[in-house]
Each structure stands twice: as structure tokens, then as C-alpha cells.
Engineer: 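Here it is, the structure, as C-alpha cells.
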Amino acid sequence: MNGGLRVSRRIYAVFVLPSLLVYLLLVFFPILTSVYFSMLNWSGIGKAKYIGIENFVNLFTKDKVFWTSLKNTFLIVGYSLIELPITLLVAILVNRHVRRSNFLISVYFIPIIMSSVVVGQLWKAIYNPVSQGGMLNKILISTGLESWTKAWIADPSTAIYALIIVGMWQVFGYYVLLYFTAIRGIPDELFEAARIDGAEGLKADLHITLPLVGYVIKISTILMVVGALKAFDIVLVMTGGGPAHRTEVISSYMYNMSFISLKYGYGSALSTVLVLLCLIATVIMNRAFKRFD
Amino acid sequence: MRQARSFIVITMVFLLVFALAACGSGDNTGTTDKASGSDAQSSSEPITLTLQTPVTGQERVSDKIIADYQAEHPNVTIKVDALDLGAHNVKLNTQAAAGALSDIVVVNAGAAMQPYVDAGLLAPLDDILSKDGLKDTFLPLVLDGYKFNDQQYALPMAYNLTALFYNKALFEKIGAEVPKTFEELVEVSKKFKEAGILPIALAEKEAWTGGLLFGSVLTRQNGGPGFIKDVLDGKRNFHDPDFVESIKKFEDLIKAGAFQEGVTAVDYYTGLNQFLNGEAAMHINGTWISAAFPTAKAINDLRVTEFPTVNGKGQITDFSAGPGIALAVSSKGKHTEQAKDFVHYYMKHFPGVSLDMDNAIGIAQRIDGDLKAKGYSELNIQIQELFTKIKRVEPVDANLNAATSESHNKTLQNLFVDPDVKPEDVAKEYQDAYEANK
Amino acid sequence: MSLKQILIRGPLLILLATQIYPLFWLLLYSLKTTDEIMKGSFIALPDSFRWGNYAKAFTEGHYLKYLWNSIIVTCITVAVTILLSTMVSYALARFKSRMSQPVLLLFMIGIMIPIQSTLLPLMIIFRKIGILDTHLSLILPYVAFSIPIAVMIMSGFMRDIPYELEESAFIDGASILRMFFSIVLPISMPPVMTVCILTFISNWNEYIMAATFLSSVDLRTLPFGTNSFMSQNTTDYGALGAYLVMSVLPVILIYFFLSEKITSGMMAGAVKG
């Protein structure tokens, strides 16, 4: 991606340097220090001992919790990817069939505005076991499905899925908005022309909408995957990664390691692994979406 | 174009406000590394000290003492930075990594504060301890939890023991006796469950709550305190038959249905409130919960007793007890002498103000005063009596390092979901975690 | 209504319900007492509407002060982010340079950083330059973390701006800066508004950095207010709920306001195209 305008070095600097400097100092530098810390046996306070890649070796060979957290993280990513096409579909439908579309999109957006405290309280009230009056269980009982009731976020077989649903619900409106914005930018004339040629509705979408919002699809996929990889707030607020690490994801495991177990070096190693995962995912997606550039 | 111009104007305005925000913000004390203040300074120089504390529920007591201190020392301002416990711990660790803590910090005993001591971030407080006989106001043995290399690094505001709290009315309702042995505890739990009453309220989302309960079981089965100490000294390990038996007993209790459905997702407030509002028959927790008694609906029905014996072993005069939160002084602050003076003042007035403000239960110092006359509830008075019965103490959680404790608690948490894990396997997990994190 | 319409509108309406429900739930919650909340069933109406919760939230939660601080910090963050990211995006999308591709990649890595791993290094830096306990210690990292996503969104859009616009400006003798501010930016309003909203919401609720870098009560932002209602052993859930409602409302209002601008801005863009 390279523009065509020739500019002086000074102009280039004016446009690029401020952002680059702020970013390098406050984001990139901490990444580098994090990688450095991951090679230490350090509690975060006081003395540290250099141990090379020992943290990483332990991580991959001896740490069961790591693999659980990895599996959970990938689960989240998988379900998130399924969610994306649905949000695109919704954006298309709303744009075409709903008159006060603005209002609808805005409402869809509400959950992401809520802080994790609110989201946690709300969904706990929904997922609570029968004895605490959880809504989901109440509905099951009243429709005669009492045998299906559970303690949704404490039961190992359902806990992580319960959390995934919360995450998917919250993030839904964000991506609908992104797609909606992009679709709105497509000039009506194109659809007119297509109709004259006999292509309407979803058929027109295949040939017009998709290619033109291709770039947004690419960005949102990257954002979604990276966001899923970093997912953290909801896990911490609702289960703390429990019971016994069953709902642990990489970010929460890293947080617990660094600030509660006081194994900051090890936590940094987890953080480094996370960044690497994100990097790999981004490169893969970049390649896959090359035709949209 | 008008749009662009207004955009630029708005941006300029923001940048201006931005510059103002950067300059005119909070005080910058404690953020530079000037050599620690000499204190031959005249007492009229304005000094600001930052007190870094978690939200404790004791605010009315600390607010009063702080106000009094500021009245007596008009040039001193105490800035209180109170955060929820999670954020507080993160902040302390982050500050420690950057090289200096806030002027006065609230810390926890033993292994929790040891890293700060080892890194030289805390100032020794022996001088203020010996001033005005402050040392003697503290209950015996409680100061030891904050002593390292023979120097005192923090002064405790709380001393808690773990006990069995119960709801007298609910016991009378099903005609049961308060259990004196663990086996009775399991039996009565089954009875409560059959009667549709929650036997024991537990908040196991936090994992340490289960660890607290287990610690009591272990102390009994071990015949008394000292198991963890023996492990640390290398004399025993977790494969010990007493440990394995304790796990088995613990699993028995879980299997008897003593705890809530989905207990591992119950957060601390919810669990505690289930007991305080009269929904649960029993609750095993530390005496710090007295801070919540003012709003406890069922307070008049609640009582406390010693933790039961296990397999007939253990003395009820042994308690799992923990020194609680304490005040410490940063060694890198700009005004360490003033900070120490404040801590001295605080601890000196703490018992008196606490007594007056309904907060006297569970502090680490002696209380001189008639609790009943001051309107303390029956439960509170009972708790205070328990303190007088302590003969030996098993320190809770304070000796194993953070990583090991955390790992152990999580292993225990797992039992609530899967109580059929073989006790020997649990013991192995404990041992492995201990060795991996030594 | 035709079957097709029902099939389409039905699910959309259901979605509407699931997304707006939390707001109603929160409102109900904020009008109950702590007891009613702990015992209560999910949909139960409170016995009486406890407006007192709002009064309590307002005073004990230091609402106005915290709100003001949140507004300052977030608005400045948004403004600076937009300024910096539009400039960088334009440069990367339009200027001829071999640096463009690698710089873009560099920014993309920024999306992947979990905030927790930056707390320690940033604390060390901020202590050294003495900006701890100022709003600057928040604005700087907020901007830095918002730039990558903003750049990703903006650069794609800017690439698609027709060259004729720039060429005509050059013919008129405009400098690059002039052209940027008077032509490129106005045309980019839709993605700018989107970036505006996204940056706003990611920073409005941020807590852990704020808690670590600030000490003075006077500087605190809205998320701190919840601490006033949660102490060691008791929580006033009703007042907490009221406080949360008051924290969410400004964002929703701003959001509705801005989203109008997005659609109207896009109309202008479409006509031009």
C-alpha cells in the first residue's frame, strides 16, 4: 500500500512522527521490556534472576493450566469468527429493510458501552443457580425443562460457553456498526445499475457489497480475533478464571500470575506468547485477505 | 471550508485544556526521588502524605483520626487513596517495581509483605513502637507477623481468627445441636439440606475462602498448629497421612451437600450476605466480617463458636488466626519522619476511636471498655470472648509464598466441582506446587 | 406484512430486545434496595422506586467531579487521537515512501498488546518524568493505545479518496497541510466519527490504569465511583446501580448524537462520489 504523492521529508515527518513517537514510547517500549522480563525469574519486586527461556520451557511442557487457557482462548476466537458473518448480514438487512436504521444500530450498540461491572452483574443474575433465582433456570423450570437447570458459570461443562455467549452478545453491536458505516458509504447508483441488470437483494450483495466492504471485513476480522485473544474483563468479573482454572484464558492467567501469584517474569512470558499468537493470527489473516487490498 | 475550520478550532481548544490539565493537576509529592526528608524542618512547612489503602469498611474510624491529626498539625495534609482490593494490590506491586511506594501503605502480614521488605521499600518502625508505650497496646504475639530480621515493619490494625458462625434460630428450627465435632458438622449439614435450608454459606469464587476452611480442618487433624511450619522446615511434606486425612474429611463435607449449588461462582458479598440475612445455617470465616454486622438482617440470631474437632483430634483453644491489614511506611518518601509520626498517632488513638464507633471487634490492640454498655451485639461480644481463649495460633496463609498459596487454593477449589479426586492425588498436587514455587 | 418481511424484521426485533434489555434491567436495579436485589428475582419490580439511591450515588459517589474528569480525559484523548491518527493514516495511504508498509505493520502490532503488561514499564517511565498523579499520565497511554485501531480504520478509507480531489487542490496552489485540513478531513468525517465513538467507549470505562497512576481524589474518573459503594464486607447494590446508570447515560447520549452525524456525513460523501 503505497500512495502516489511525493512529499518532502519534513512534511512526512510532521504527519507521521508525533503519532509514531507517542506510540513507540508508550506501547512498543513496554512490549520490549515485557519480552525482557519474560526471561527473568522475578516476582515484580526487588531482585530478579536471569533464566533465559526457562519460563517458556516450563510454560509449554509443565503447565497444564496454560494449555487449558489456550484451549479456552481458541474457543472464544472460533465462536467470534462465526459471529462476524452474522453481524455483516444484520448490517445489510438493517440498511435495506429498516427505515429508522440509525436508532436500531444505536440500540444494538448499547451493551458495549456498559462497563464490565454492569455486564457481570446482569449476566450473573441470568446465570445464577436455581437457589439464587437465576433467570435462565427460572425460565427452564416454568417451561417444564427443570432437568436442564444448572449452575451455568460454575459447572465445568458449561462455564466457558456461558462466558463466550456473554462476550459475543456484548461485542455484537460494535461490528454491526462498523459494517453498517461501510455499507452506507456505497453509492446508491451502483445498486440501481445492478437492478437494471436484474440482480437484486442478496445477489447484488454478493457482487457489490462484499467486494466494496472487503477492507472493512478484513479489519473487523483482525480486530475480532485479536480482541478474542485478549478477552479478559468478563472472565475476571464473572468467574475469576475458575472454578479451578476451568474458564481461564491467556489474559486472565497472565493477570493472576503477575499480580496475585507474584510471578511477574512468568506472567510476562505469557504476555509474550499472547503477542506472538496475535502476530501470527494477523499475518495469516493479512495473507488471506490480500485480494481485498 | 467551515467544517474544517471549526474542527481546527475545537482541536485547539482541546489542546489548550489539555495543557491546563497537565499543569494544574494533583500534587506531585512522593513522585520524585529527593533524598528522604530531614526533619529538622520547621513544622510550618506544608507537607502532604499519601495513604494508600484498600477500601476497608473502617472509613469512619480512619476519617476521624485523620481529621484529628490534621487539626493538631495544620501544615500536614493526609491524602487518602482508597481503591478496591484488587486494584490496591496491583498498584502496590507496580509502585514497588518502579522503586517507591506511597508514603504510608496498608499491607498484609508475613509473606505478603516480605517482598517489599526485602527490596528495602519499607522503613523500620521500632522507634515509634517504643514511644509512649505503643508496643504494649498490642495483643500478645500479634506483632510478630510483621517482623523481619528482628525489625518491625508494620503495625496491625486487625487481628482475626477463623471460627464457626451459626444461626441459632435455624438450628432450633430443625432441632439440631451446634456441632462440636467435624463428623457432627457433616451430619447436621445433611439434616439442613433435607430441610431445604442451606447448611454452609461459602463464597468460593475467591478460592481463598475454601482455603480458610480447610486450614481449620488441617489444624485440628494435625493435633494443633505447626503443619505448614514443619513443611517449610523440611520435616514433613504434603503426603503426610494427617494431610491426606484432612482432605478426605473436606471432601466428605462437600459430598454431604453442605454448600450452595454453583458455589465456585459465588462472590464474596453474596456468600457472606446469605449467612448474614438468615438464609444459611453456618458460615466459616474470619472475624473481620464483623464490619458487616450493622447491616446484617439476622444479626440477633447469629452466634459464634470454636471450630469443631476432627476425628477427635485438636484442641478448641487452637485457632487459625491471622494478623490482618497493617500500616507501613515507605522508606523512599520525602517525609518519612512525619509519616512515622502519623502512624504512631493513628495506632495510639485507634483502639479508643474504634470502641466508640462500633468497630472494636477484631482489632489488634487491647480494648479497655465495656462492650455491652456501648451497645455491641451479642455476636460481637462472643467474638471478643473468643480472643481471650486463644492458647495457640496457626497463622493463616501467611507463610507460604503467594504463588504456592494461590496454587493450593485453586486445587482446593477444584474439589468443589469434583469431590471424588483421590486425597492422595490432591496431596501430590499440593506438594508439586510447593516445590515448583519454592 | 409479507413472510419475507417477518422473517427479516422478526430476528432484528428480537436482537433489539436482547440489546436494550440491560438498560431496563439496570434502571430497575438502581431503584431497588440492596435487599430486594439480593433476594429478588430477575424481573421483579421494586416495592417502591428508591430515588434515594440516585441522591446517594450523586453525593457519595462524587458524581459531578468524577464525571468532569472523565469528560476531560476522554475528550482530550479522542481529539488528540483523531488529529494524530488522521495525519498518519493520510501519510501512510497517500505519500510515496518505502516506510509506509513497515510503519503500518508496526502500528498493527499495537492492537495486540494486553494493557496489563504495560503497567509496570509505564509506571517506571512516568515516575521518572514525574507525570504520575496527573491527567497526562492517562491521556498519553490512552492515545497511544487508540492510535493503532484508528489508523487501521482510517488508512483504508483514505486510500479510496479519488486522486482528482488532491490534484485539483494542487493546481490551485494549496500546500499539503492546507489541503489536508480543508479537503481530506471534511471528506473523512464518517470514519472520523466512527473512530471518535470507538475511542470514546474504550477509554470511558477504563479503570486499572487510572487506579494505578492517579492518587488524588480530585482527579478521579467515573469508574472509581463504584468504590464508594463497595467496602470490605458490604455493598450498597442499589446506589451502585444508580451510579452505573448515571455513568452510562452520558455515553449513550453522546453516542446517539454522534451517530446522527455519521449518517448525515455519509450522505454528503455518497453524493460527492
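What you are looking at is a predicted structure, and each value in this text was computed from that prediction instead of being measured.
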Engineer: How far apart are the closest heavy atoms of C/R127 and B/A98, and which atoms are they?
Structural biologist: NH1-O, 3.3 Å
Engineer: Output all residues satisfying ring-ring contact (aromatic ring centres under 6.0 Å, His included) with B/F342, sequence neighbours left out; order by chain, then residue number.
Structural biologist: B/Y69, B/Y346
Engineer: Can you tell me which portion of C/L122 sits under 4.5 Å from chain B's heavy atoms? Options are side chain, backbone, both or neither.
Structural biologist: neither
Engineer: Will you find, in the side chains of C/S216 and B/K79, an N or O donor that is under 3.5 Å from an N or O acceptor?
Structural biologist: yes
Engineer: What pair of heavy atoms forms the shortest contact from C/L119 to B/T94, and how long is it?
Structural biologist: O-CG2, 3.6 Å
Engineer: With a 3.5 Å cut-off and no angle check, do the side chains of B/N273 and C/Y237 form a donor-acceptor pair?
Structural biologist: no
Engineer: Rounded to the nearest 0.5 Å, what's the gap from CG on B/D81 to CG on C/N227? Could you check?
Structural biologist: 9.5 Å
Engineer: Please look at B/Q95 and chain C and tell me whether the side chain, the backbone, both or neither of the residue comes under 4.5 angstrom of a heavy atom of that chain.
Structural biologist: both
Engineer: For a quick test of reading the model, state the closest non-hydrogen atom pair linking B/A82 to C/R220 and the distance between them.
Structural biologist: O-NH2, 2.9 Å
Engineer: Is any side-chain heavy atom of B/L83 less than 4.5 Å from a side-chain heavy atom of C/Y207?
Structural biologist: yes
Engineer: Do B/K91 and C/S215 make a side-chain contact, defined as non-hydrogen atoms from C-beta onward lying under 4.5 Å apart?
Structural biologist: yes
Engineer: Flag the one option from B/N93, B/V90, B/L92, B/V80 with the top tally of heavy-atom pairs under 4.5 Å to chain C.
Structural biologist: B/V90
Engineer: Does C/K65 NZ have over 12 foreign heavy atoms under 6.0 Å away?
Structural biologist: yes
Engineer: Check ring-ring contact (aromatic ring centres under 6.0 Å, His included) between C/Y243 and all other residues, then give those that pass, not counting sequence neighbours.
Structural biologist: C/F229
